[in-house]
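Heavy atoms only: backbone and side chains are in, while hydrogens, waters and symmetry mates are out. Numbers here are sequence positions counted from 1.
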Amino acid sequence: MNKVVASAAEAVSDVDDGATVAVGGFGLCGVPKVLINALYDKGVGSLGIVSNNCGAMDQGLAVLLSAGRIARVTGSYIGQNKEFARQYLAGEIEVELIPQGTLAERLRAGGTGIPAFYTPAGVGTLVADGGLPWRYHPDGTVAIASPPKEVREFDGREYVLEHSIRTDFALVRAARADRFGNLVFEKSARNFNPLAAMAGRVTIAEAEELVDVIDPDEVHLPGIFVQRVVELSPEQATDKSVEFRTVRDALES
């Protein structure tokens, strides 16, 4: 089965207003920028995004965020994204903040058919007890707060019940893909990409390199989780931004 489609625009053509979308990447590393830009060009809005963060430096998901196309974010990190923070505090967007490891497991569980699981992360905090602001009123008061979650004891330790995540679509970026949808990621650019891919009912991958067949021993994510593959141009494949460039003086000889 050949899962390669001709363009990013074709790959996201059925993503409609109100869709939920899991998006890979961490900061600006491993972010499916081409597919995100294709969504922007399509003009869809009211999206429910599941991603570790919501873009940075006006790139990645920040493109959709700044255009007012995102209604809800499920993620772990606002960071230095000032527009994300502004929209959240102004009541323009709903935000469910989740411990990072819990987010990763909720995505993975969704892809493997596990409906829920128990974790110690968040026990004794608002994560478990409820009350985290999901949405604010414009005057700064809380409009929607997180509900309390079930807490259960196992072997003398308390754990909170977390539900898995499934989304309508998932957008990911891979270093290599084959026509069957098998993916290989490059070092830290793997991050949330395999997990986001597993959670999507329809998963779309942009690939820096397209090959006929990837050796099974090299596959990071099997093609069973991927429905569409878009091959990037050489220019798109090498267009990689650095969020924080850190350098040091040359060592003295």
Side-chain angles (χ1 to χ4, degrees), residues 8-9 12 15-100 102-104 106-107 126-127 131-146 165 167-173 188-189 191-193 195-196 199-200 204 206 236 239-246:
V12 302
V15 181
D16 295 324
D17 291 350
T20 55
V21 187
V23 182
F26 189 106
L28 292 178
C29 181
V31 175
K33 297 197 302 183
V34 174
L35 291 171
I36 291 170
N37 289 338
L39 274 187
Y40 174 84
D41 293 339
K42 187 176 187 293
V44 293
S46 300
L47 297 171
I49 297 295
V50 182
S51 186
N52 176 67
N53 56 287
C54 208
M57 296 169 54
D58 299 321
Q59 297 186 47
L61 286 169
V63 173
L64 296 173
L65 181 75
S66 298
R69 306 282 185 80
I70 298 176
R72 191 179 198 275
V73 175
T74 303
S76 292
Y77 186 65
I78 292 179
Q80 299 189 44
N81 190 327
K82 294 181 180 179
E83 177 59 17
F84 189 11
R86 187 201 66 77
Q87 289 189 24
Y88 175 43
L89 296 175
E92 298 174 11
I93 191 171
E94 187 172 310
V95 179
E96 180 183 0
L97 291 174
I98 302 172
Q100 198 167 79
T102 300
L103 175 62
R106 287 180 67 181
L107 290 166
L126 295 180
V127 170
L132 281 173
W134 279 1
R135 192 180 195 103
Y136 287 97
H137 289 297
D139 64 4
T141 58
V142 176
I144 303 175
S146 65
I165 293 175
T167 57
D168 301 322
F169 296 89
L171 308 180
V172 300
R173 181 172 180 128
S188 61
N191 53 60
F192 276 84
N193 276 298
L195 306 169
I204 309 166
E206 60 180 60
Q236 291 170 330
D239 180 19
K240 300 177 183 179
S241 301
V242 177
E243 190 172 356
F244 297 105
R245 188 178 298 276
T246 302

Phe192 to Leu107 - nearest heavy-atom pair and separation: CD2-CD1, 4.1 Å
Interatomic spacing from CZ in Phe169 to CG in Leu35 - rounded to 0.5 Å: 12.0 Å
For Arg86, all residues meeting salt bridge (Lys or Arg N to Asp or Glu O under 4.0 Å), sequence neighbours excluded: Glu83, Glu92
side-chain contact (heavy atoms from CB on, under 4.5 Å) evaluation trace for Leu103 with Ile165: CA-CA 9 Å; Leu103 175 62; Ile165 293 175; 4.0 Å; yes
Sequence neighbours excluded - ring-ring contact (aromatic ring centres under 6.0 Å, His included) pairs with any residue from residues 43-91: Tyr88-Tyr136
By side chain to side chain donor-acceptor pair (under 3.5 Å) - contacts of Ser188 (at least two apart): none
Inter- and intrachain pairs under side chain to side chain donor-acceptor pair (under 3.5 Å), touching residues 42-65, at least two apart: Lys33-Gln59, Asn52-Gln100, Gln59-Ser241
Pairwise distance OG(Ser66) to CD(Gln87) - rounded to 0.5 angstrom: 7.0 Å
Check: Gly91 main-chain N/O paired with Arg135 side-chain donor or acceptor under 3.5 Å: yes
Pairs satisfying salt bridge (charged side-chain N to carboxylate O under 4.0 Å, His left out), at least one member in residues 63-80, at least two apart: Arg72-Glu94, Arg72-Glu96
Inter-residue atom distance Cys29.SG - Asn191.CG, 0.5 Å rounding: 5.5 Å
Euclidean distance, Asp16 CG relative to Leu47 CG, rounded to 0.5 Å: 10.0 Å
CA sep, side-chain torsions, deciding dist, call: Thr167, Val21, side-chain contact (heavy atoms from CB on, under 4.5 Å): CA-CA 6 Å; Thr167 57; Val21 187; 5.8 Å; no
Heavy-atom side-chain contact between Ile98 and Thr74 under 4.5 Å: yes
Closest non-hydrogen atom pair between Pro99 and Ser76, with its separation: C-OG, 3.8 Å
Heavy-atom pair with the smallest gap, counting every atom of Ile36 and Val23: CD1-CG1, 4.1 Å
Which residues share a side chain to side chain donor-acceptor pair (under 3.5 Å) with Thr20, sequence neighbours left out: Asp168
Trace of the side-chain contact (heavy atoms from CB on, under 4.5 Å) decision for Val44 with Leu64: CA-CA 9 Å; Val44 293; Leu64 296 173; 5.7 Å; no
Donor-acceptor contact below 3.5 Å, side chain Thr141 vs main chain His137: no
Heavy-atom pair of closest approach, residues Ala104 and Leu195: CB-CD1, 3.5 Å
Nearest non-hydrogen partners of Ala196 and Gly24, listed with the distance: CB-N, 3.9 Å
Verdict with supporting geometry, Asn81 and Leu65, side-chain contact (heavy atoms from CB on, under 4.5 Å): CA-CA 10 Å; Asn81 190 327; Leu65 181 75; 3.9 Å; yes
Close side-chain approach of Thr102 to Val127, heavy-atom, < 4.5 Å: no
